[in-house]
Amino acid sequence: MPPFHHEGAPVLPKPILFDPSHYSNLTAEDQALLQLGYGRAVDALERNITPKGFSACSLNDNQVYGTDANYRSVWARDGAKTIIWTLDLDDEPIRACQFQTLRTILSHQAPAGQLPAHVLIDTDEPEYGGVGGITSIDSALWTIIAVHHLCRHLDDWSLAEEFRDTLQRAVDWLGALDANNCGLLEIPEAGDWTDLFARSYHVLYDEVLWHRCLQCHADMLDHFGATERAEDYRSWSKHVKSVILRRFWPSTAIDENQSGPSFADVQYQLGDARYLVAQVSPFNYSWRCDVYGNLLAYLTNLVDKDRAMMTFRFLWGVGVNEPGPVRNMYPPIYAGDPEWRDYFAVNVLNLPDHYHNGGIWPFIGGLWVRYIHRLGMPDVARRELVKLARLCSQGVTAEWEFNEWHHAVTGRPMGKAYQAWSAASFVKACHDLHLEPDQNGEV
């Protein structure tokens with residue numbers, strides 16, 4: 001039995017995680033920490049199993065009041081990421097919860113095709129918007145991606161077939177958000193996971209997911225035998241990729257296919273970028289680095305290794321992994337900055353170094369570890385995994401709470417305890433680090 005096994009945790013097939021020969025650059029203490037953390041992560045996941053699917057955080061270990069009441073829900077984006085990052089677990093209750101999560105979300109589609117942001121566990125009522133009732137765009141994106149990953153992993157496409165019409169209507173609804181036929185989605189402010197933050201129009205994170213969503217939908221259509229339509233969506237995804245690279249990665253290089261500079265080029269002369277900028281609109285842009293969006297861009301093959309290494313060197317240099325991996329955005333926005341909004345102070349969430357305003361998110365830390373590993377630096381990735389384990393081992397009331405987020409200066413936990421996607425991302429990072437880097441594109 002592997003040394004990281006604990007009661008209720010799965011016994012994984014070989015190759016065994018944390019093989020000492022692979023982790024020789026770590027101390028015995030660090031290796032033991034990873035082994036312990038893996039078991040505690042599985043435990044945290046099990047705390048989030050409900051009859052309707054994965055909860056965002058453990059319902060039995062968190063007090064909810066006021067607007068926190070919506071934590072008693074199955075969230076589309078949280079559940080989808082938890083599913084994708086736990087596919088390698090051979091655990092029957094977790095596998096059943098993966099299916100139930102998707103069924104709960106897909107069974108509550110709105111007439112126009114929109115999928116709910118979350119479904120309340122106690123009443124089975126869907127809610128389609130977040131703060132202020134603003135629609136949630138990434139909920140549908142993540143759900144479609146998760147259905148594809150689950151079916152592909154099991155080589156069983158019955159779930160996708162069962163909800164084939166639902167998935168198509170969701171893709172149609174998303175496509176309609178490209179109101180000017182430019183290839184990119186027009187995102188409302190606070191229309192995704194940063195539901196108290198000033199990003200809108202063409203938002204890097206959402207466009208990266210849109211590119212991946214189109215690829216996943218095309219692959220599912222192939223399995224349905226609709227090869228011509230699949231190729232249409234595949235071509236669409238390639239167009240989206242080219243537009244993203246053109247608009248979000250400023251460069252002084254001349255594009256031979258362009259007769260002149262684009263409006264974006266004229267609007268923001270940043271010289272040669274080191275990363276994909278966070279947001280672009282016809283009237284302004286955000287030059288800040290959306291760390292999360294940039295990590296996703298490489299893990300899904302949207303940017304190549306050379307650009308990803310350039311981004312890594314920048315992020316490493318500015319220390320986004322300090323005091324723990326990793327800050328979601330660099331640098332934070334302060335009052336007085338043109339990007340500041342007074343509503344950032346709602347619930348005291350988005351002050352500088354808090355929450356979406358440059359806070360540390362363990363689930364993004366898991367992506368950071370995988371990003372480094374995929375770049376071909378396994379020793380660095382393993383050391384960063386240890387730092388992530390130390391972060392996750394903290395807690396407000398107990399050790400190993402896998403909290404939602406941490407303060408970017410103190411590193412102390414600030415969010416909910418036993419957050420499903422924090423634990424799932426740690427599990428996925430542990431699995432990836434004993435394999436050759438996947439070049440096929442993941443999330």
Side-chain angles (χ1 to χ4, degrees), residues 1-19 22-23 31 34-49 53-54 77-102 142-143 145-157 159-160 212 216 219 295-296 299-301 362-374 378 381-382 384-386 388-389 392 402 418-443:
M1 182 177 294
F4 54 81
H5 184 78
H6 70 109
E7 186 177 355
V11 177
L12 294 175
K14 292 183 178 181
I16 296 175
L17 304 181
F18 317 123
D19 184 331
H22 296 162
Y23 287 77
Q31 293 179 49
L34 294 181
Q35 294 169 0
L36 176 61
Y38 183 86
R40 294 297 180 87
V42 175
D43 173 71
L45 288 166
E46 291 171 343
R47 292 171 186 251
N48 283 281
I49 294 175
F54 289 114
R77 74 173 70 91
D78 297 59
K81 286 185 274 192
T82 301
I83 290 165
I84 294 167
W85 298 335
T86 58
L87 288 175
D88 294 327
L89 286 176
D90 186 16
D91 181 291
E92 186 175 345
I94 287 177
R95 181 74 76 221
C97 197
Q98 292 168 350
F99 277 92
Q100 187 55 50
T101 300
L102 292 173
W142 274 113
T143 300
I145 295 169
V147 171
H148 170 264
H149 279 249
L150 178 62
C151 293
R152 185 187 65 179
H153 180 81
L154 299 176
D155 194 23
D156 177 357
W157 299 87
L159 182 71
R212 182 59 181 157
C216 291
D219 194 35
L295 298 183
L296 283 175
L299 291 173
T300 58
N301 286 339
F363 87 84
I364 306 177
L367 297 177
W368 167 255
V369 170
R370 293 166 53 207
Y371 182 95
I372 296 170
H373 177 62
R374 197 167 190 255
R382 287 164 188 151
E384 290 298 293
L385 182 60
V386 171
L388 179 59
C392 293
F402 287 90
Y418 305 104
Q419 191 80 9
W421 65 17
S422 297
S425 189
F426 185 83
V427 165
K428 177 63 173 172
C430 290
H431 287 176
D432 274 17
L433 260 60
H434 80 279
L435 301 172
E436 288 299 314
D438 183 4
Q439 301 302 323
N440 294 321
E442 292 293 340
V443 287

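As a basis for the values below, the full set of heavy atoms in this structure was taken, side chains included, without hydrogen atoms, waters or symmetry mates.
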_Worked check of side chain to side chain contact (heavy atoms under 4.5 Å, CB included) between N48 and T82_ = CA-CA 10 Å; N48 283 281; T82 301; over 6 Å; no
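- In this structure, H431 and Y38 have tilted ring planes: the angle between them lies in the 30° to 60° band.
- Between G366 and S425, the shortest heavy-atom contact is CA-OG, 3.3 Å.
- Side-chain contact between K428 and I84 is absent, with no heavy atoms from C-beta onward closer than 4.5 Å.
- Atom CG of L296 is separated from atom CD1 of I364 by 8.5 Å, given to the nearest 0.5 angstrom.
- Annotation: side chain of W368 is in contact with side chain of L295 (closest heavy-atom distance under 4.5 Å).
- Under the 4.5 Å side-chain criterion, counting only non-hydrogen atoms from C-beta, D91 is in contact with E46.
- Between F426 and F402, the ring planes lie perpendicular to each other; the angle is over 60°, past the 30° to 60° tilted range.
- In this structure a side-chain-to-backbone donor-acceptor pair under 3.5 Å is present from T101 to C97.
- Inter-residue side-chain proximity for L433 and P378 is flagged as unmet; no heavy-atom pair is nearer than 4.5 Å.
- Contact annotation: the side chain of Q98 approaches that of F54 to within less than 4.5 Å [non-hydrogen atoms, C-beta and beyond].
- Put simply, the side chain of R77 never gets that close to the backbone of T143: no donor and acceptor are under 3.5 Å apart.
- Remark: L299 engages L367, R370, R374 in a side-chain contact (heavy atoms from CB on, under 4.5 Å) (not counting sequence neighbours).
- Between the side chains of H434 and Y23, no donor-acceptor pair of N or O atoms lies under 3.5 Å.
- For the atom pair Q419 CD and D78 CG, the distance stands at 6.0 Å (nearest 0.5 Å).
- Contact of the I94 side chain with the L45 side chain is registered, since non-hydrogen atoms from C-beta on lie closer than 4.5 Å.
- Contacts of C216 classified as side-chain contact (heavy atoms from CB on, under 4.5 Å), with partners at least two apart in sequence or in another chain: I145, H148, H149, R212.
- L87 places a side-chain heavy atom less than 4.5 Å from the side chain of R95.
- Taking CG of L385 as the start and SG of C392 as the end, the distance is 9.0 Å to the nearest 0.5 Å.
- Checking side-chain atoms of W85 against main-chain N and O of V443 turns up a donor-acceptor pair under 3.5 Å.
- D43 contributes no side-chain N or O that, together with a main-chain N or O of G39, makes up a donor-acceptor pair within less than 3.5 Å.
- With rounding to the nearest 0.5 Å, the separation of SG in C430 from CG in L388 is 8.0 Å.
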